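Convention: sequence-line order gives letters A, B, ...; per-chain numbering from 1. These numbers were taken from a predicted model, which means no experiment stands behind them.
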Amino acid sequence: MSLLGSLSDRFGDAFEVLGLDRSFGEVVVSNRPDLAQFQCNGALPAAKAAGRNPREVALGVVDALASTDDLADVSIAGPGFINVTLTDEALAAHLARIAADPRHDVPRLRAEDIVIDFGGYNVAKATHVGHMRPTIIGDSLQRIARFLGHRVTSDIHLGDWGLQMGMLIVGVAERMPDLPYFDPDHEGAYPTESPVTLDDLAEIYPDVSARTKTDPSLAEAARKATLQLQSGRPGYRALWQHFVDVTLESQRRDVTALDVHFDLWYGESTVADRVDAMVDDLLEQGVATENQGAVVVEVAEPGDKTEIPPLLLAKSDGAALYTTTDLATLAMRVQDFGAKEILYVVDARQALHFEQVFRTARKAGYAPPDVVLEHIEFGTVNGPDGRPLRTREGGLPLLHDLLADARSAAMARMSEARIGADLSEAEREAVATAVAAAALKFGDLANHRTSNYSFDLDRFTSLEGKTGPYLQYAAVRIASILRKAADAGLGGGPPVAPTTDVERALVLRLATVPEIVLRAWDLRAPNHIAETAYEIAGAFNRFYEHCHVLGEEDPARQASWLTLVEGTLATLTRLLDLLGIRIPDRM
RNA sequence: GCCCGCGUAGCUCAGCGGAUAGAGCAACCGCCUCCUAAGCGGUAGGUCGCAGGUUCGACUCCUGCCGCGGGCGCCA
């Protein structure tokens with residue numbers, strides 16, 4: 001059990017002795033380090049609940065506390081705060097524990113099957129700034145979940161089956177009418193080479209989309225093409241496959257460059273052959289009804305604060321929508337994957353859509369009550385004007401370009417500061433690549449996911465401050481000490497009692513990690529991990545200033561410090577890994 | 001109009017109903033004969049949008065208002 005966990009347990013026992021709920025015993029790291037290392041505030045709410053005097057309750061708890069020799073001081077302050085300070089020997093013992101534990105004292109949870117959906121990627125769109133948050137946040141969540149012991153399946157869930165496919169088909173037909181894909185009498189195989197590039201598609205889609213708003217016949221043609229694609233028209237299927245292939249090729253490259261991995265590259269179309277049966281089933285169950293030719297599901301409930309419109313399951317022409325495939329996908333994940341939690345990392349504008357899909361899934365029994373369905377919302381990435389980030393031309397900046405900019409900024413910073421001067425050109429480039437990804441990721445994950453944040457490459461790649469590069473640099477310096485120690489034949493040894501506040505503070509920071517990782521997962525909020533990683537780096541840097549490890553003359557103390565250095569590096573490396581940030585060997 | 005989110009230092013943002021609201025940047029003052037100064041220490045900077053309420057205690061919970069953003073059935 002973690003340090004805070006076992007302290008909380010002991011305080012819980014003491015509350016129980018007084019006949020009070022043990023949950024009041026929660027102990028946290030003190031927010032008044034000048035007074036104590038830890039605090040338990042439970043006496044106040046406990047006293048309120050029991051109608052007793054808080055100071056008396058606190059006094060009773062302290063009396064009932066099993067006396068052990070690891071507590072240097074337990075005292076009551078203010079209206080009933082209980083302050084706790086451990087002995088230096090106890091801190092050393094705790095350091096020995098976490099340094100020897102590859103999990104840094106973080107518990108393993110009961111494993112569950114979890115699906116994470118990175119919705120938002122679409123055919124015909126290169127990875128752009130709008131994909132950055134779900135990709136970075138979702139990736140961090142999958143790393144955290146796996147570390148806690150869950151079985152995670154991540155799915156990019158490409159948007160590849162809706163009306164925009166029809167728009168692309170008619171757009172290509174307009175431009176290249178002689179292609180065999182449009183000839184209903186075509187026989188044999190279709191060309192293996194795509195007639196269009198992703199750039200072509202990226203130009204065609206907005207053009208057609210805009211024109212359908214004023215041209216009803218074009219809109220009708222797009223609808224019809226969508227339906228025919230979904231019905232299996234061979235030429236359209238073949239052409240569509242090219243759309244998917246050229247899109248995925250580009251998106252795979254971008255996602256890989258960000259050092260993100262998806263287990264599945266499924267799309268809406270993956271469940272295409274399940275849609276009809278599902279609609280029939282919903283009609284049969286009486287969950288869905290026909291309405292003006294369309295199939296809808298009434299999802300409004302009596303207690304609703306606002307009117308929740310019906311979910312549109314099938315258009316009047318019978319075509320599927322993304323709500324249809326989302327629902328079928330949800331059912332598949334529960335049935336085939338045994339998913340107990342499905343997390344949709346999709347921007348906040350789709351809240352209503354998910355509410356409708358989730359309600360329908362519950363009504364239809366596709367998601368039993370014990371299955372968690374959650375929309376993980378996030379805010380926008382803003383430019384200097386406080387509006388969502390755009391390029392000078394008004395388009396959405398591509399992820400590829402953002403990364404390239406971050407990379408050249410990192411290179412420039414390194415040259416300026418004469419960092420990595422002794423590295424080869426290839427090594428410098430590798431470092432710049434790692435720094436660029438870290439800059440973007442930490443710049444994003446340092447913010448709470450629901451808040452909008454302003455994208456500032458200069459700040460994110462900065463040499464100074466609360467940035468990804470700072471954390472990487474801190475880790476590299478730590479590793480450097482260990483490398484030099486190893487060269488000198490020195491290694492870690494049993495921790496001895498700390499004698500300075502910088503040592504104590506560092507151990508205390510490390511001790512908070514288990515609760516922080518659990519909280520980050522509970523709240524789906526990686527920024528808590530980002531914050532703790534930053535605090536640990538800061539605590540280490542203060543230790544680094546005060547305690548010269550390699551120059552220490554007392555061998556026992558030096559060995560103890562090396563253990564502290566190792567434990568810090570292992571923990572920091574883990575936290576950064578949970579954020580998806582890689583540490584270069586040298587910088 | 002209704003619903004959701006946001007409003008914290010000059011700027012960018014943290015903040016788990018608890019003690020004196022924190023960090024980074026920018027400003028100012030210091031620290032490299034010593035493990036990487038992309039570092040460390042210090043000073044200054046706040047009616048936590050406004051007004052009520054609940055509570056021993058509110059940035060945190062509730063209500064109203066103001067401001068910004070978003071959503072509201074055959075798009076995704």
Side-chain angles (χ1 to χ4, degrees), chain A residues 26 28 30-32 34-35 39 41 44-45 47-48 53-54 77-81 83 119-120 122 159 162-164 167 209 212 223 268 291-296 304-317 319 321-323 347-353 356 377 379-380 382 386-388 413-414 416-417 419-420 435 443 446-448 450-454 456 458-459 461-467 469-474 476-478 480-485 515-516 519 522-523 527-528 530-531 534-535 537-538 541-542 544-552 565 586-587:
Chain A
E26 189 190 6
V28 297
S30 179
N31 54 19
R32 290 290 304 273
D34 52 318
L35 298 180
Q39 59 185 337
N41 300 333
L44 294 121
K48 181 195 230 169
N53 177 302
F81 302 110
N83 287 327
N122 286 299
L163 181 60
Q164 40 173 296
M167 292 188 189
S209 176
T212 54
R223 274 196 290 273
E268 296 166 345
N291 185 324
Q292 298 164 27
V295 182
V296 302
D304 288 342
K305 283 190 191 168
T306 182
E307 190 190 337
I308 308 284
L311 173 144
L312 187 59
L313 201 59
K315 296 201 276 190
S316 39
D317 64 7
L321 297 119
Y322 90 125
T323 45
D347 85 85
R349 287 175 302 190
Q350 296 198 31
L352 180 58
H353 160 74
Q356 293 174 312
E377 304 181 13
T380 57
N382 294 340
R387 312 274 311 163
R413 300 281 195 191
M414 287 165 70
E416 266 170 40
I419 299 287
V435 167
N447 302 293
H448 185 81
T450 58
S451 54
N452 304 335
Y453 74 90
S454 70
D456 183 343
D458 282 345
R459 182 156 59 83
T461 60
S462 171
L463 312 169
E464 289 145 21
K466 197 172 184 174
T467 67
Y470 164 90
L471 289 171
Q472 289 175 311
Y473 176 71
V476 165
R477 281 208 314 183
I478 299 172
S480 171
I481 296 174
L482 294 173
R483 190 163 41 232
K484 291 203 161 135
E515 281 69 26
I516 293 297
R519 187 193 305 164
D522 279 348
L523 303 175
N527 66 303
H528 286 101
E531 181 68 24
Y534 178 72
E535 283 174 2
N541 282 334
R542 286 183 281 278
Y544 184 95
E545 294 290 325
H546 271 77
C547 304
H548 198 269
V549 177
L550 297 180
E552 173 59 31
V565 174
R586 294 165 192 272
M587 287 175 80

Exercise for the section: Mark this stacking check for A:His548 against B:C35 as yes or no, applying ring centres under 5.5 Å and ring planes under 30°. Expected result: yes
Practice task
State whether the aromatic ring of A:Tyr544 stacks on the base of B:G39, taking stacking to mean ring centres under 5.5 Å apart and ring planes under 30° to each other.
Solution key: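 No, aromatic ring not over the base.
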Handout entry: Pairwise 5' ranking along RNA chain B for A:Ser316 and A:Asn41, keeping only the more 5' one
Key =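 The residue mapped nearer the 5' terminus is A:Asn41.
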Looking at [X], does any N or O in its side chain come under 4.0 Å of the phosphate oxygens OP1/OP2 on [N]?
{"X": "A:Ser451", "N": "B:A14", "value": "yes"}
{"X": "A:Ser480", "N": "B:U36", "value": "yes"}
{"X": "A:Lys484", "N": "B:U36", "value": "yes"}
{"X": "A:Tyr470", "N": "B:C40", "value": "yes"}
{"X": "A:Arg477", "N": "B:C35", "value": "no"}
{"X": "A:His448", "N": "B:G15", "value": "yes"}
{"X": "A:Asn31", "N": "B:C16", "value": "no"}
{"X": "A:Tyr473", "N": "B:A38", "value": "yes"}
{"X": "A:Ser454", "N": "B:C13", "value": "yes"}

Exercise for the section: From the options B:C40, B:C13, B:C75, select the nucleotide whose nearest atom is closest to the side chain of A:Asn541. Expected result: B:C40
Completion exercise
Regarding the side chain of A:Pro469, the nearest nucleotide among B:C56, B:A19, B:A38 is B:A38
Practice task
State plainly whether the residues A:Lys315 and A:Asp317 are in salt-bridge range, i.e. N to O under 4.0 Å.
Solution key: no
Exercise for the section: Measure from CD on A:Glu377 to P on B:G71 and round the result to the nearest Å. Expected result: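 Computing the A:Glu377:CD to B:G71:P distance gives 13 Å.
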Determine the contact category for [X]: base if any of its heavy atoms lies under 4.0 Å from a base atom, sugar-phosphate if only primed atoms, P, OP1 or OP2 are that close, otherwise nothing.
{"X": "A:Pro45", "answer": "base"}
{"X": "A:Arg519", "answer": "base"}
{"X": "A:Glu531", "answer": "sugar-phosphate"}
{"X": "A:Asp456", "answer": "nothing"}

Exercise for the section: Say whether A:Thr380 and A:Asn382, considering side chains only, have a donor N or O and an acceptor N or O under 3.5 Å apart. Expected result: yes
